[in-house]
There are 2 protein chains.
Amino acid sequence: MSGEDNLLRLVEAEEPDENNYHLQDQVGFILRKAHQRHVSIFAAHIGDLTPPQFAALAKLYDIGETSQNQLGTLIAMDAATVKGVIDRLKARGLVELSKHEVDKRRLLVNLTPEGREAIERLIPLARSITEETLAPLTAKEAATFLRLLAKLA
Amino acid sequence: MSGEDNLLRLVEAEEPDENNYHLQDQVGFILRKAHQRHVSIFAAHIGDLTPPQFAALAKLYDIGETSQNQLGTLIAMDAATVKGVIDRLKARGLVELSKHEVDKRRLLVNLTPEGREAIERLIPLARSITEETLAPLTAKEAATFLRLLAKLA
DNA sequence: GCAAATTCATTCGTATGCAAATGATATCAA
DNA sequence: TTGATATCATTTGCATACGAATGAATTTGC
């Protein structure tokens, strides 16, 4: 029956099933899809800010004023990407920029009062986003997943 | 000691540690970093093709000719994104386009001989990429991780 | 103390990724 | 049959993401 059909198919294909490549089983492909799903959940909860923009605000709220480059390192963005993100946050009045007094290469970034207010308002929503993203897993599975995911990141 | 310092810090902050928001512990942030790492590994092994371009070729190799829209569904890309990917693969001679005889809305996509040759050459490299991406995990952890990741994607 | 190397930031080019609007075609339903 | 819907593809606009090149400022090494 099914087994014979599979055997026949494999013989016809002249290669065992293990040698076939299934895109949908590859970690990179699934990782990309999981990330897409998260971004979609994020957008449904926080429509007027992207995850990278939120990350920048949350990190500034956590550590206070820092250089654009240092901020990029902390939120895993290269220099070109972080510049664009900060430019857009600045245009919306959520962060302000200033020059480092000593090291003239550095551009300091800090939250404005509006930015602080925004991030304080958004953090509860971010908790919901995390919760919804992990909703397909049990609490135990979610803990395991986060532990293993952190190892890969 | 350390315990007293922590207590003091929490009292000063006037909130328990559980109420703090740590960006680096959020699933979305780690997911984004893990995806970035995978893309970087991919680029180190396959420099002249991106993961989405590879996904398109691999899926066409798997299922044969299909419409651009259907291909997008199978590789998790919206219509606008898949168009750009296919345009670039076409410009490189790896896929060819044709009109559907019956349904004039549809644009059929198929591998060229060069595209077939390319994907056959690249699949072994893709296996290495998967392996390297999962390298921080044991075999058992990797199996668990893929199972849980699939639930989220 | 000075030349070399490094760091910080910017700019350019290319490639996803998605929302929204549009046009062409096909299907459904009254 | 025809009018309303739905599907397929394209285009535009915006937002990451990163490599490479550039320039300014700092640090290192000798």
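Each chain gets a letter, A, B and so on, in the order its sequence line appears, and its residues count up from 1.
Looking at heavy-atom distances under 4.0 Å, B:T81 makes contact with a base. Among the atoms of the strands shown, only primed sugar atoms or phosphate atoms (P, OP1, OP2) are found under 4.0 Å from some heavy atom of A:S67. Across all strands shown, A:V102 has heavy atoms under 4.0 Å from sugar-phosphate atoms exclusively, and none from any base. In this structure, A:D78 reaches the bases: a heavy-atom distance under 4.0 Å links it to at least one base atom across the strands shown.
Nucleotide D:dT11 holds its C1' atom 15 Å from the CG atom of B:N69, rounded to whole Å. As rounded to whole Å, 14 Å separates atom P of C:dA15 from atom CD1 of B:I86. Distance, A:R32 CZ to D:dT16 P: 19 Å, rounded to whole Å. Note: CG (B:D87) to P (C:dG17) measures 15 Å, nearest angstrom. Between A:H35 atom NE2 and C:dT16 atom P there is a gap of 16 Å when expressed in whole angstrom units. Spacing between atom NZ of A:K83 and atom C1' of D:dA15 amounts to 14 Å, rounded to whole angstrom units. The CG atom of A:L31 sits 16 Å away from the C1' atom of C:dG17 (whole-angstrom rounding). Atom-to-atom, CG of B:L94 to P of C:dA15 comes out at 13 Å; the value is rounded to the nearest Å.
Taking a cutoff of 4.0 Å between a charged side-chain nitrogen and a carboxylate oxygen, A:E141 and B:K151 qualify as a salt bridge.
Along DNA chain D, the nucleotide nearest A:M77 and the nucleotide nearest A:R106 are compared for position; the residue whose nucleotide lies closer to the 5' end is A:M77. In this structure, A:V39 and A:L108 both approach DNA chain C, and ranking their closest nucleotides by distance from the 5' end singles out A:L108.
For B:R105 against D:dT7, a side-chain N or O and a base N or O form a donor-acceptor pair under 3.5 Å.
Contact detail for B:S67 and B:L108: the closest heavy-atom pair is N-CD2, 3.9 Å. Heavy-atom minimum distance, B:P52 versus B:V85: O-CG1, 4.0 Å.
The backbone N or O of B:Q68 lies less than 3.5 Å from no partner atom in the side chain of B:R106, so there is not a single donor-acceptor pair.
Close to D:dT10, at under 4.0 Å from its OP1 or OP2, lies a side-chain N or O of B:Q68. The shortest distance between the side-chain N/O atoms of A:R88 and the OP1/OP2 oxygens of D:dT16 is below 4.0 Å.
Among the nucleotides D:dA9, C:dT10, D:dA15, the one closest to any side-chain atom of A:Q53 is D:dA15. If you check C:dA9, C:dC12, D:dT11 against the side chain of A:A80, the one that comes closest is C:dC12. For A:K104, the listed nucleotide lying nearest its side chain is D:dA25; candidates were D:dA25, D:dA9, D:dT16.
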Could you go step by step and tell me if A:K90 and A:D87 meet the salt bridge (charged side-chain N to carboxylate O under 4.0 Å, His left out) rule? CA-CA 5 Å; A:K90 177 173 182 288; A:D87 279 354; over 6 Å; no

